[in-house]
S.K.: 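Got a structure here, written out as structure tokens. Questions coming.
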Amino acid sequence: MEEVILTEECPTPEEYIALRKLVGWSIPDPSAIAPSLRNSHYCICARARGEIVGMARIIGDGGMVYYIQDVIVEPSRQGEGIGRRLMDRVMEYIRRHAVEHTIVGLMAAKGKEEFYERLGFTRRPNEKLGAGMTIFWDPS
Ligand SMILES: CC(C)(COP(=O)(O)OP(=O)(O)OC[C@H]1O[C@@H](n2cnc3c(N)ncnc32)[C@H](O)[C@@H]1OP(=O)(O)O)[C@@H](O)C(=O)NCCC(=O)NCCS
């Protein structure tokens with residue numbers, strides 16, 4: 001198996017779409033993809049022979065709130081520790097930049113909660129916190 005190298009860069013829109021397709025996620029409106037990626041605080045890619053095999057990114061306000069988004073490892077390379085390596089780099093970035101009471105959030109995909117619990121995230125809802133909530137916007 002080719003060595004996987006992590007690079008601190010955003011994927012291209014084409015790479016981003018390809019990764020999302022590989023894990024069966026919907027594709028956002030193309031006009032939103034390039035600016036969204038560009039406006040990330042931090043992106044990390046996993047590459048094998050230069051080809052993208054995974055990514056993760058952080059969005060947020062740069063101080064009080066960071067939100068982790070698009071943690072993806074292509075299915076044929078899952079279970080090799082790549083997701084953990086990507087998240088270690090994401091958490092390293094947050095450790096360097098977060099201040100007291102900074103909120104670090106994410107919406108775990110179904111069945112992925114434990115992956116994030118191992119990194120210190122708390123599952124919701126619980127006795128103190130309500131459920132995370134989402135709208136997948138449909139302008140029609
Ligand atoms: C979630 C995802 C990023 C994990 O990446 P991965 O490279 O397969 O994970 P790793 O091999 O780095 O696993 C790291 C550890 O987490 C564990 N783990 C991975 N997925 C897990 C899951 N769904 N539930 C519980 N533990 C999990 C692994 O067993 C491993 O444990 P270990 O350190 O004791 O060996 C990957 O499965 C993926 O891309 N899934 C599709 C997209 C997705 O749902 N992303 C999450 C969006 S919130």
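Sequential numbering from 1 along the given sequence is applied to the chain's residues. What you see is a predicted model; the values in this text were computed from it and never measured. First listed ligand is number 1; within each ligand, the first listed atom is number 1.
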S.K.: Report, in ascending order of atom number, the atoms of ligand 1 lying under 4.0 Å from any heavy atom of Ala108.
M.R.: 48 (S)

S.K.: Can you confirm whether the thiol sulfurs of Cys43 and Cys10 sit closer than 2.5 Å?
M.R.: yes

S.K.: Can you check whether Gly83 has an N/O within less than 3.5 Å of an N/O in ligand 1?
M.R.: yes

S.K.: For atom 32 (P) of ligand 1, which candidate among Glu117, Arg118, Gln69 provides the closest heavy atom?
M.R.: Arg118

S.K.: Under 3.5 Å, N or O to N or O, is Arg77 touching ligand 1 that way?
M.R.: no

S.K.: In the protein, what heavy atom is nearest to atom 11 (O) of ligand 1, and what distance, to one decimal place, separates them?
M.R.: Gly81 N, 2.8 Å

S.K.: Classify the side-chain pair Tyr93/Arg89 by whether it contains a donor and acceptor separated by less than 3.5 Å.
M.R.: no

S.K.: For residues Asn126 and Leu129, report the shortest heavy-atom separation together with the two atoms involved.
M.R.: OD1-N, 2.8 Å

S.K.: Please identify which atoms of ligand 1 are closer than 4.0 Å to at least one heavy atom of Ile72.
M.R.: 39 (O)

S.K.: Can Ile82 be reached from Val71 by stepping across I, L, V, M, F, W or Y side chains whose heavy atoms are under 4.5 Å apart?
M.R.: yes

S.K.: Locate the shortest heavy-atom distance separating Arg57 from Ser36; write the atom from each residue and the value.
M.R.: NH1-O, 3.2 Å

S.K.: Quick test: of every protein heavy atom, which one is nearest to atom 3 (C) of ligand 1, and how far off is it to 0.1 Å?
M.R.: Val71 CG1, 3.8 Å

S.K.: Tell me which protein heavy atom sits closest to atom 14 (C) of ligand 1, plus the residue, atom name and distance to 0.1 Å.
M.R.: Arg84 CB, 3.7 Å

S.K.: Grab the two heavy atoms, one from Ala46 and one from Leu6, that are nearest each other, plus how far apart they are.
M.R.: CB-CD2, 3.7 Å

S.K.: Would you mind checking if Glu9 and Arg47 are paired as a salt bridge, meaning a charged N to carboxylate O distance below 4.0 Å?
M.R.: yes

S.K.: When you check the gap from the basic side-chain N to the acidic O, do Glu2 and Arg77 get nearer than 4.0 Å?
M.R.: yes

S.K.: Nearest heavy atom to atom 36 (C) of ligand 1: which of Met87, Glu80, Gln78 does it belong to?
M.R.: Gln78

S.K.: With no hydrogens and no angle check, is any side-chain donor or acceptor of Glu15 less than 3.5 Å from a backbone partner on Ile52?
M.R.: no

S.K.: Among all protein non-hydrogen atoms, which one is nearest to atom 43 (C) of ligand 1, and what is the separation to 0.1 Å?
M.R.: Trp25 CZ2, 3.4 Å

S.K.: Need the ligand 1 atom indices (1-based, order shown) with element for anything under 4.0 Å from a heavy-atom of Met107.
M.R.: 48 (S)

S.K.: I'd like to check whether Val23 has a polar contact with ligand 1, where a contact means an N/O of the residue lying under 3.5 Å from an N/O of the ligand.
M.R.: no

S.K.: Backbone or side chain, does any N or O of Ala109 fall under 3.5 Å from an N or O of ligand 1?
M.R.: no

S.K.: Atom 39 (O) of ligand 1: which protein heavy atom is closest, and how many Å away?
M.R.: Val73 N, 2.8 Å

S.K.: Can you tell me the protein heavy atom closest to atom 26 (N) of ligand 1 and the distance?
M.R.: Phe115 N, 4.0 Å

S.K.: What is the nearest protein non-hydrogen atom to atom 25 (C) of ligand 1, stated with its residue, atom name and distance?
M.R.: Glu114 CB, 3.5 Å

S.K.: Measure from atom 6 (P) of ligand 1 to every heavy atom in Gly54, Gly79, Gly24, Ala46 and give the option owning the shortest one.
M.R.: Gly79

S.K.: Under 3.5 Å, N or O to N or O, is Gly111 touching ligand 1 that way?
M.R.: yes

S.K.: Closest heavy-atom contact between Arg20 and Pro28?
M.R.: NE-CD, 3.7 Å

S.K.: Of all the atoms in ligand 1, which lie at a distance below 4.0 Å from a heavy atom belonging to Tyr116?
M.R.: 46 (C), 47 (C), 48 (S)

S.K.: Quick one: pull up CG in Leu119 and CE in Met91 and give me the separation to the nearest 0.5 Å.
M.R.: 6.5 Å

S.K.: So which atom in Ile33 and which in Ile27 form the shortest heavy-atom distance, rounded to 0.1 Å?
M.R.: CD1-CG2, 4.3 Å

